[in-house]
Asks: 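Here's a structure for you.
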Amino acid sequence: MRDLKRGFRNLVGAMALGAAALGMATPAQAAGEAIAIPNANFSFAGFFGTYDRGSAQRGLQVYKEVCSACHAMHLLSYRNLLEIGLSEDQVRALAASFTVTDGPNDLGEMFERPARLSDRFRRPFPNELAARAANNGAYPVDLSVITKARADGANYVRALLTGYVEPPEGFVVAEGMNYNAYFPGHQIAMPAVLNPDQVEYADGTAATVDQMARDVATFLAWAAEPEAEQRKAMGVRIILFLIVLGGLTYAVKRKIWADVAH
Amino acid sequence: MAIGLHDSSIKNPVIRWVDQRLPVFTMMQKEYGTFPTPRNFNYFWNFGALAMVTLMIMIATGIFLAMNYTPHTTYAFDSVERIMRDVNYGWLIRYVHMNGASMFFIVVYIHIWRGLYYGSYKAPRELLWILGVVIFLLMMATAFMGYVLPWGQMSFWGATVITNLFSAFPIVGEHIVTWLWGGFSVDNPTLNRFFSLHYLLPFVIAGVVFLHVAALHITGSNNPLGIDPKGPQDTLPFHPYYTAKDSVGLIVYFIVFASLVFFAPNYLGHPDNYIPANPLVTPAHIVPEWYFLPFYAILRAVPDKLGGVLLMFGSIAVLFILPWLDTSPVRSMRFRPIAKWTLFLWLIAFFVLMWAGGKPAEEPYVTISRIATAYYFAYFLVILPLLGRLERPLSLPESIALPVLRGGGPMPAGAVAKPMEKA
Ligand code: HEM
C-alpha cells in the first residue's frame, strides 16, 4: 500500500508538472504584442453554457443586414438555422429571399432560382479577387469558423466591432485604414460597420453597438461550433459515467489485490 | 517445436479445435494470463497499456475520418469542417483523433520517463528500449503528417518549415526537399503523399509495438526496485492482478482524455489552423504542436541551421545509445542518490525547452534554450557515464518480496483465497 501511495504521488506530481508546462506553452503560442481582450461573459462560456437563442437570432439579423455585404459564411447552409430556434417556415422564407445560380438545366443553361434550405449561404462576391477589388485590396475573411480561428474568438469579435475609437496622440493611420483598439497592429481595413440603431430588432431589443456586437458574436460562435451544446452535454454524462465506473473498477482491484501484501 | 497438433489445455471444444491448429489462445493465456509479473509495480506501469489503447483509438477514429476526408488542397480544409458538421458524430470522431494525438504523446512521454527513472533501458532490455525509441520516431512522423492534413495555416507553414530543414544538408539538401514535396513548394502532391503515409505509418507502429511487446515478454518487466524477480514469491500472474490495476489507470486516463475532448477540444491546438492554408500569407509565429516544442527549441538553440538540425536529430539519436552510456549497474534511481536528482533536473530542462520552444526566437529565450539543451545532452553524455563510476548506490534489497513484506506478516501461499479484509 505504501508503494502504491508513493506511485500515485509520483504520478500526480509528474502530471502536474507536465500540465504546468503545457499551460505555459499554450498561451505562449499566441504571444506577440498582447492586447487584453475584455471578457463579455457570454451565455455559452463555461462547462454548462448554451447559446442564447434570442441573441443568436438577432446576431443572424446583424450578419444578414450588415456583415453579409462583405463577408461570406460558405460552410453554413440555410437549414443549419433551424438549430438556433427559427421555425422551418421562417428559414424557408429567409432562404427564398436570396437568389442563387443553379444548373445546368436540360438545355445546358445555368439559371437563377430562390435559395432552398439545402443551399449554402450566398456569397457576396464570386471570388477573392472580386472581394478585394471592392474593399481597397483587403480581403473580408469568411466568417464560418472565425471564433475558432482567433484566440478567445467570441470575445475578440465583440471587442473588435466595438473597438473603433480615436487613435492615440501621434498614431498615424494609413490611407483607407481605420484605427481599432483590438486589432493586432491597430490598423484595420474594415470600417466601423456598426452604428447605433443600424438594425431594427423585431423583439424590441435596443440596437446599441455593444448589443449588436454581442449578438453577432454569439451567432458567429454558434456558426463555428454548432456542436458545442451537444458536446458539453455528452461530456458531462460521459465523465459522470466514468467516475462511477472508475469507483467500481477501483473496488474490484482492491478486492483482487486484498490477499497480496504490497 | 514438434510437428503436429498443439497440445492445448483449453476446455471449450470449439476453441480447443482452433487452438490445436493455431495456438493463439494458448499464447494469449501465456502472455497475458499467467505471465509472471513483478508484484511491486506502481501506477507508472500503466502507461504501456495506455499507449496501446491510444494507438487503437487513433487507428479506429482515423479510419472513420479517412472515409470522409478529401486530400486535396482545394477541399481538405472544408472536408474536415464538413466532418465536424454533417457527418454523424463527426465532431466527436475528429476531436478524439485530434486530442488523441496529444494524449498519445503525454502517455508516451511519461512512459519514456518511467524508463529513465527505473533504468528500464539497461541490460537485458536494451533492444526493447531501442524498439521503443523507434516507435517514438514513427509517432512523431505520423503526427507531423497528420497535422498537415486539415490544411490550415499551421499545417501549411509547419510543413514548409520542417521539410525545409532538410535543405540544410550540403549538396543533396535541396534535392531532398524537392523530392519530399513532390514539387517546388508544399502543395497538392505533398498533401497527397502525407495522407498516404499518415494512413500507413500507424500500422507500421502497430507492427513495431508487437515486436516491443514480444521483446518485453522475453526479458520480463522491470519494476520500481530495478532488481530481478528471484522466484514465484516475487511475481504475480498478469491476470487478474495487473489487468485490474491497468483498468483503474485506464478509466482515470479516459476521464482526462474526455475532459479535453468535450470541454476544451481546441485548447492544445493553434487558432491559426482554423484559417485555410494560404501560401501568400505567413503567420506571425509559426509554432509546431506542443509535443514537438522541446525539439523545436533545441533546433533553434543553435545559430547554424545544419548544426541545429543535427542537434535536434541527435537529441533523439542519443536515446538509442543510452543503454551503453549509463555505466551504473543499478537500475532504479531509488538507489542512486545523486543520479536521481540529475534526472529530475533533466526533466525540468525538458519542460523548460517545451516552454521556450513556444516563444519567439529571441532573447532571453534563446539563451535559456541553450542552457537547457546543454544540460539535456550533458545528462546523457557526461553525467550518466561518469556517475556510474563515481556514485555510491544505496544497498539494494535482497528480493522484491522482502521489502514488500517487511513487517507485513507471513507470505500468503500463492493466490489462495483469504478473507478480503481490505475490500
Ligand atoms: C499513430 C497514430 C496517429 C497519430 C499520432 C495521428 C495524428 C494526427 C493528427 C495530429 C492529426 C491532425 C488533427 C487536426 O488538427 O485536425 C491527424 C489528422 C488525420 N488523421 Fe491521424 N493520427 C494517427 C492515426 C491515423 C490513422 C490510422 C488514420 C487513418 C486510418 C488517420 C487519419 C487521419 C485523417 C483522415 C486526418 C485528417 C482529419 C483531421 O485533420 O481531423 N490517422 N492525425
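Computed from a predicted structure; not experimentally measured.
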Asks: More than 12 heavy atoms of other residues, nucleotides or ligands under 6.0 Å from OH of B:Y75: is that the case?
Replies: no
Asks: Which bit of B:V352 is near chain A, if near means a heavy-atom gap under 4.5 Å: side chain, backbone, both or neither?
Replies: neither
Asks: Which of the residues A:I238, A:T147, A:V141, A:N80 is involved in the greatest number of heavy-atom pairs with chain B at under 4.5 angstrom?
Replies: A:I238
Asks: Does any non-hydrogen side-chain atom of A:M234 lie less than 4.5 Å from one of B:Y89?
Replies: yes
Asks: Identify the heavy atoms of B:R39 and A:V260 that sit nearest to each other, and give their distance.
Replies: NH2-CG1, 3.2 Å
Asks: Measure the spacing between CG of A:L248 and OG of B:S247 and express it to the nearest 0.5 Å.
Replies: 12.0 Å
Asks: Which atom pair, heavy atoms only, marks the closest approach of A:L245 to B:I251?
Replies: CD2-CD1, 3.4 Å
Asks: First locate atom CG of A:D142, then atom CZ of B:F77, and finally report the distance between them rounded to the nearest 0.5 Å.
Replies: 8.5 Å
Asks: Determine the minimum heavy-atom distance between A:V145 and B:Y274, stating which atoms define it.
Replies: CG2-O, 3.5 Å
Asks: State, yes or no, whether a side-chain contact exists between B:K245 and A:W257 at a heavy-atom distance under 4.5 Å.
Replies: yes
Asks: Can you check side-chain contact (heavy atoms from CB on, under 4.5 Å) on B:F262 and A:V236, steps first, answer last?
Replies: CA-CA 8 Å; B:F262 292 104; A:V236 170; over 6 Å; no
Asks: To the nearest 0.5 Å, what is the distance between CD (A:E225) and CH2 (B:W91)?
Replies: 11.0 Å
Asks: Considering only heavy atoms from C-beta outward, does the side chain of B:L92 approach that of A:E227 to under 4.5 Å?
Replies: no
Asks: Are the side chains of B:D78 and A:H74 in touch, meaning some heavy atoms are under 4.5 Å apart?
Replies: yes
Asks: Let me know if A:L76 has heavy atoms under 4.5 Å from chain B in its side chain, its backbone, both or neither.
Replies: side chain
Asks: Between B:A258, B:S102, B:A356, which has the largest tally of heavy atom pairs under 4.5 Å with chain A?
Replies: B:A258
Asks: Between B:R85 and A:S144, which heavy-atom pair has the shortest distance, and what is it?
Replies: NH2-O, 3.7 Å
Asks: What option among B:W45, B:Y95, B:F350, B:F254 has the most heavy-atom pairs under 4.5 Å with chain A?
Replies: B:Y95
Asks: Going through the distances and angles, do A:L75 and B:R82 end up as a side-chain contact (heavy atoms from CB on, under 4.5 Å)?
Replies: CA-CA 8 Å; A:L75 293 172; B:R82 219 186 121 75; over 6 Å; no
Asks: To the nearest 0.5 Å, how far apart are CG in B:N278 and CD in A:E128?
Replies: 6.5 Å
Asks: Within a strict 4.5 Å, meaning less than it, do heavy atoms of the B:I275 and A:R150 side chains meet?
Replies: yes
Asks: With a 4.5 angstrom heavy-atom cut-off, is it the side chain or the backbone of A:R237 that approaches chain B, or both, or neither?
Replies: neither
Asks: Strictly below 4.0 Å, N to O, side chains only: are B:E81 and A:K148 in salt-bridge contact?
Replies: yes
Asks: State, to 0.1 Å, how close A:Y250 and B:Y43 come at their nearest heavy-atom pair, and which atoms those are.
Replies: CE1-OH, 4.1 Å
